[in-house]
There are 2 protein chains.
Amino acid sequence: METQILTYREVLDRFKKLLKSNNLKYTKQRELILEIIYNNQGHFTPEDIYNLIKQSYPDIRIGIATIYRTLTLLEDANLVTSISFGAKGKKYEFGLGKHHDHLVCLVCGAIEEFYDETIENQQELIAKKHNFKMTNHIMKIVGVCKNCQSKQGS
Amino acid sequence: METQILTYREVLDRFKKLLKSNNLKYTKQRELILEIIYNNQGHFTPEDIYNLIKQSYPDIRIGIATIYRTLTLLEDANLVTSISFGAKGKKYEFGLGKHHDHLVCLVCGAIEEFYDETIENQQELIAKKHNFKMTNHIMKIVGVCKNCQSKQGS
DNA sequence: ATCGATGCAAAAGTTTTGCATATAC
DNA sequence: GTATATGCAAAACTTTTGCATCGAT
């Protein structure tokens with residue numbers, strides 16, 4: 001699941017185009033948020049992203065509000081997607097990679113990704129059967145990962 | 001998806017037994033929370049439940065904290081299950097009905113339920129393949145329901 | 001009588017908003 | 001120069017916690 005379909009340059013161009021066509025401005029803050037999400041494979045809370053930027057770019061001034069505002073923007077544009085964690089908010093990941101679903105470990109919080117053709121097809125069928133215009137689907141398998149099973153004995 | 005497998009009496013007995021065996025007390029508040037969730041088919045936020053109880057039982061004193069505490073208890077006991085809504089917290093539903101997944105309408109928020117054997121089987125396979133001990137799975141198909149499609153033209 | 005449960009209010013988180021200032025265009 | 005974006009702090013929510021009191025056993 002490591003393979004990015006698009007290079008960062010391509011993604012950035014797409015983002016710039018998007019901004020332009022909506023009369024929005026291209027700012028360093030917006031770029032950094034996208035870059036952090038593209039480059040660091042993984043799933044991040046808004047605060048994670050805020051901290052990563054503060055750490056990696058100590059000279060840039062940025063506020064948590066900008067992170068939230070930009071994530072909303074990026075998610076609307078499908079450049080990032082989010083996965084929910086109950087009341088604890090969302091984690092975001094890059095949205096233009098290969099589609100996949102998630103295995104979430106209850107013990108250590110680790111997230112594995114998978115892709116399954118059968119599931120994908122079946123979802124289409126179900127949406128059709130219910131006259132639903134599907135725009136997205138979320139599938140999480142929740143449990144205990146291999147690592148944590150061996151640590152605590154089973 | 002309307003069929004409850006257990007009568008309310010059976011559910012309540014199970015709850016009482018559970019409480020007893022954990023040295024917890026049977027209170028009116030706890031019963032009402034379970035009853036509201038059992039009787040009103042649907043998906044409720046803690047606040048929904050709080051308001052329903054205030055409305056239906058004006059004489060009972062109850063605080064929102066009790067709702068949260070009891071929902072945690074009920075969820076641990078599998079008497080209710082929850083479904084997440086991004087940062088907006090969780091909705092709870094009765095947990096001993098037939099297992100099912102959800103179709104969520106982005107426009108009106110309606111939740112439809114479905115059960116699909118192929119998906120269920122495939123999830124088992126995927127968990128096994130990843131050495132995951134699956135305790136739960138969440139599948140949501142997000143989109144626009146039939147009703148809302150016709151209202152806004154497609 | 002004991003010990004857990006409750007309501008309330010305060011606290012802790014998380015996310016959003018208002019506004020003056022800064023910055024892209 | 002104008003309009004949008006930003007940081008900051010305050011506000012709005014949601015959820016949790018501490019504590020005195022209540023109530024089930």
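The chains referred to below are lettered A, B, ... by the order of the sequence lines, with proteins before strands, and numbering in each begins at 1.
A/N23 has its CG atom 21 Å from the P atom of C/dT23, to the nearest Å. For the pair A/I64 CD1 and C/dT14 P, the computed distance is 10 Å after rounding to whole Å. Rounding to whole angstrom units, CD of residue B/E47 and P of D/dT16 are separated by 14 Å. The distance from atom CG of B/L19 to atom P of C/dA5 is 8 Å, rounded to the nearest whole Å. The CG atom of A/L32 sits 10 Å away from the P atom of D/dG7 (whole-angstrom rounding). Per the geometry, OH belonging to B/Y50 stands 12 Å off C1' belonging to C/dT6, to the nearest Å. Between the CD1 atom of A/I60 and the P atom of D/dC8 there is a distance of 13 Å, rounded to whole Å. Between B/R30 atom CZ and C/dG7 atom P the separation is 11 Å, expressed in whole Å.
Contact detail for A/K133 and B/Q149: the closest heavy-atom pair is N-NE2, 3.0 Å.
Under the salt bridge (Lys or Arg N to Asp or Glu O under 4.0 Å) criterion, B/K54 pairs with no residue, sequence neighbours left out. The salt bridge (Lys or Arg N to Asp or Glu O under 4.0 Å) search around B/E47 returns none, not counting sequence neighbours.
Between A/Q29 and D/dG7 there is a side-chain polar atom (N or O) within less than 4.0 angstrom of OP1 or OP2. For C/dT15, one of the phosphate oxygens OP1 or OP2 lies less than 4.0 angstrom from a side-chain nitrogen or oxygen of A/Y68.
Checking each of A/T66, A/L32, A/D48 against A/I53 for a side chain to side chain contact (heavy atoms under 4.5 Å, CB included) leaves exactly one that passes, namely A/L32.
Ring geometry for A/H137 against A/H99 counts as perpendicular: the plane angle is over 60°, on a 0 to 90° scale with 30° as the lower cut.
Listed by residue number, the members of residues 70-80 of chain A with any heavy atom below 4.0 angstrom from DNA chain D form an empty set.
Two end axes, each from the C1' atoms of five base pairs, can be drawn for the helix from C/dA1-D/dT25 to C/dC25-D/dG1; they diverge by 30°, to 10 degrees.
In the displayed structure, A/K20 atom NZ is contacted under 6.0 Å by at most 12 heavy atoms of other residues, nucleotides or ligands. Around NZ of A/K16, the count of heavy atoms belonging to other residues, nucleotides or ligands within 6.0 Å exceeds 12.
With 3.5 Å as the limit, one finds no donor-acceptor pair spanning the side chains of A/E112 and A/H102.
Within the 4.5 Å cutoff, the side chain of B/Q122 has heavy atoms near those of the B/L125 side chain. Within the 4.5 Å cutoff, side-chain heavy atoms of B/L73 are placed close to those of B/R30.
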- request: Can you check each nucleotide of nucleotides 18-25 of chain D against protein heavy atoms at under 4.0 Å and return B for base, S for sugar-phosphate only, - for none, in 5' to 3' order?
  value: B----BBS
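For residues 68-80 of chain A, every residue pair satisfying the side chain to side chain donor-acceptor pair (under 3.5 Å) rule, not counting sequence neighbours, is listed here: A/E75-A/S82.
Each of B/P46 and A/K54 lies near DNA chain D, and the nucleotide nearest A/K54 is the one positioned closer to the 5' end.
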